Amino acid sequence: MVSGGGTNLQAIIDAIADGRIKGAKIVRVISNKSDAYALKRAESAGIEGVVVSRKDHPDASHFNKALLEALDGCKPDLVVLAGFLVVLSRDIIERYRGRIINIHPSLIPSFCGEGFYGLKVHEEALKRGVKVTGATVHFVDEGCDTGPIILQKAVPVEEGDTPEILQRRVMEQAEWKILPEAIDMIANSKELFRN
Ligand code: GRF
């Protein structure tokens, strides 16, 4: 599930293509934004893209129902939130409990929770003056960034970093590595993924 540029999606597509992720394929990409570049990446890779936009639904409950239908319609074993900027409904979390993962651009429990998304995360890390930040892949539960942690990778903060520079480094050095790695672990490990 995506909302934006889809660089994390691309990292997954590439990792499947070059064998870093084994025994998995992307069955559908669901976006809540019809203009998300992630949809173009899906198309180029021959993956079905589906748009479920809040604007096309009268209220949150209809929107959430449509999201659930878009998920159920492709019968996924695993749901990957790869820059998906919508809080999942309780129904979705219950239906796919233990089978939804998210990538967050900080070392949880730092700089996470409500309001911490996108550049804001990196702005706050710079404001606090941390010397190390990173990314986290975790299972999704009802809370905001509270589910069990699967993988984390640290990234140094450097002198003169702007939020944009730091965001890019965290993506390159951490997000694009640990998200594919976590998917491979889940696809190939009975311990992490019981169902
Ligand atoms: C990433 O920073 C991710 O950690 C966050 O949203 C961003 C998505 O970027 N959840 P992209 O769409 O994968 O390029």
Side-chain angles (χ1 to χ4, degrees), residues 1-104 117-118 136-148 150-151 175-176 178-190 192-195:
M1 302 180 90
V2 295
S3 299
T7 61
N8 280 288
L9 169 65
Q10 191 65 54
I12 300 167
I13 293 170
D14 295 346
I16 290 173
D18 69 22
R20 276 175 294 135
I21 297 176
K22 290 178 199 66
K25 69 171 180 182
I26 304 174
V27 288
R28 174 178 282 180
V29 170
I30 301 170
S31 174
N32 66 313
K33 299 277 178 204
S34 57
D35 59 353
Y37 190 68
L39 287 168
K40 296 227 162 48
R41 296 179 189 274
E43 198 186 339
S44 305
I47 302 161
E48 180 194 23
V50 170
V51 177
V52 181
S53 167
R54 174 68 181 82
K55 280 187 282 181
D56 299 334
H57 296 89
D59 54 36
S61 123
H62 284 83
F63 172 56
N64 286 328
K65 197 164 165 274
L67 277 178
L68 185 55
E69 281 168 9
L71 281 172
D72 288 349
C74 63
K75 298 191 170 40
D77 295 315
L78 180 68
V79 178
V80 180
L81 308 185
F84 188 59
L85 300 179
V86 173
V87 177
L88 294 184
S89 68
R90 191 164 278 272
D91 281 354
I92 293 180
I93 291 168
E94 265 164 25
R95 174 87 52 97
Y96 291 95
R97 189 174 297 286
R99 297 192 286 148
I100 311 175
I101 65 171
N102 180 47
I103 177 86
H104 182 78
Y117 62 87
T136 303
V137 182
H138 64 93
F139 284 111
V140 172
D141 63 11
E142 277 83 355
C144 193
D145 301 327
T146 51
I150 303 166
L151 283 177
E175 293 184 45
W176 301 343
I178 62 174
L179 186 56
E181 215 178 294
I183 295 169
D184 183 62
M185 278 168 65
I186 291 168
N188 297 295
S189 144
K190 289 193 179 67
L192 254 180
F193 192 59
R194 287 180 218 104
N195 219 306

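Just so it is clear, the model here is predicted, and its values are computed rather than measured. What you see below is based on every heavy atom in this structure, not just the backbone, and it leaves out hydrogens, waters and symmetry mates.
- A donor-acceptor contact closer than 3.5 angstrom links the side chains of Asp141 and Thr146.
- Taking all atoms of both residues into account, the shortest heavy-atom contact from Leu9 to Ala42 is CD2-N, 4.3 Å.
- At least one side-chain heavy atom of Leu67 sits under 4.5 Å from a side-chain heavy atom of Met1.
- Using a 4.5 Å cut-off on side-chain heavy atoms (C-beta onward), Leu151 and His138 make no contact.
- The main-chain N or O of His57 is found under 3.5 Å from a side-chain atom of Arg54 such that the two form a donor-acceptor pair.
- With sequence neighbours excluded, the residues satisfying side chain to side chain contact (heavy atoms under 4.5 Å, CB included) with Glu69 are Lys65.
- Smallest separation of non-hydrogen atoms from Ala15 and Pro180: CB-CB, 3.6 Å.
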Check residues 79-87 and write down every donor-acceptor pair under 3.5 Å in which the side-chain atom is one partner and the other belongs to a residue at least two apart or another chain.
none

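- Here CD1 of Ile93 is found 13.5 Å from CZ of Arg99. Values are rounded to the nearest 0.5 Å.
- With respect to Arg95 and Asp72, a salt bridge is recorded, a charged nitrogen being found less than 4.0 Å from a carboxylate O.
- Contact of the Asn64 side chain with the Leu68 side chain is not registered, since no non-hydrogen atoms from C-beta on lie closer than 4.5 Å.
- Put simply, CD on Gln10 and OG1 on Thr7 are 9.0 Å apart, with the number rounded to the nearest 0.5 Å.
- A 4.5 Å side-chain heavy-atom check between Ile103 and Ile178 finds at least one atom pair inside the cut-off.
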Notebook entry, point to check: Does the side-chain contact (heavy atoms from CB on, under 4.5 Å) test come out yes or no for Ile100 and Leu78, once each step is laid out?
Noted result: CA-CA 6 Å; Ile100 311 175; Leu78 180 68; over 6 Å; no
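- Annotation: the span from Ile183 atom CD1 to Glu181 atom CD amounts to 11.0 Å, rounded to 0.5 Å.
- Here the shortest heavy-atom pairing between Lys33 and Val51 reads C-CG1, 4.3 Å.
- To the nearest 0.5 Å, atoms CD1 (Ile12) and CG (Leu179) are separated by 4.0 Å.
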Can you list, pair by pair, the side-chain donor-acceptor contacts under 3.5 Å of residues 19-27, counting residues two or more places apart and other chains?
{"unit_1": "Arg20", "atom_1": "NE", "unit_2": "Asp18", "atom_2": "OD1", "d": "3.1"}
{"unit_1": "Arg20", "atom_1": "NE", "unit_2": "Asp18", "atom_2": "OD2", "d": "3.2"}
{"unit_1": "Arg20", "atom_1": "NH2", "unit_2": "Asp18", "atom_2": "OD2", "d": "3.0"}
{"unit_1": "Lys22", "atom_1": "NZ", "unit_2": "Gly19", "atom_2": "O", "d": "3.1"}

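- Formation of a donor-acceptor pair under 3.5 Å by the Arg28 side chain with backbone atoms of Ala70 is found in this model.
- Atom CD of Glu142 has more than 12 neighbouring heavy atoms from other residues, nucleotides or ligands inside a 6.0 Å radius.
- Two residues are said to be in side-chain contact when any heavy atoms from C-beta on lie closer than 4.5 Å; Glu48 and Val29 fail this criterion.
- One finds the OG1 atom of Thr136 at 10.5 Å from the CD1 atom of Ile150 (value rounded to the nearest 0.5 Å).
- Note that the CG atom of Asp56 and the CZ atom of Phe63 stand 9.5 Å from one another [nearest 0.5 Å].
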Next item on the list: Give the intermediate values and the outcome of side-chain contact (heavy atoms from CB on, under 4.5 Å) for residues Phe139 and Ile186.
Entry: CA-CA 11 Å; Phe139 284 111; Ile186 291 168; 4.2 Å; yes
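- The shortest side-chain heavy-atom distance between Ser31 and Leu39 falls under the 4.5 Å cut-off.
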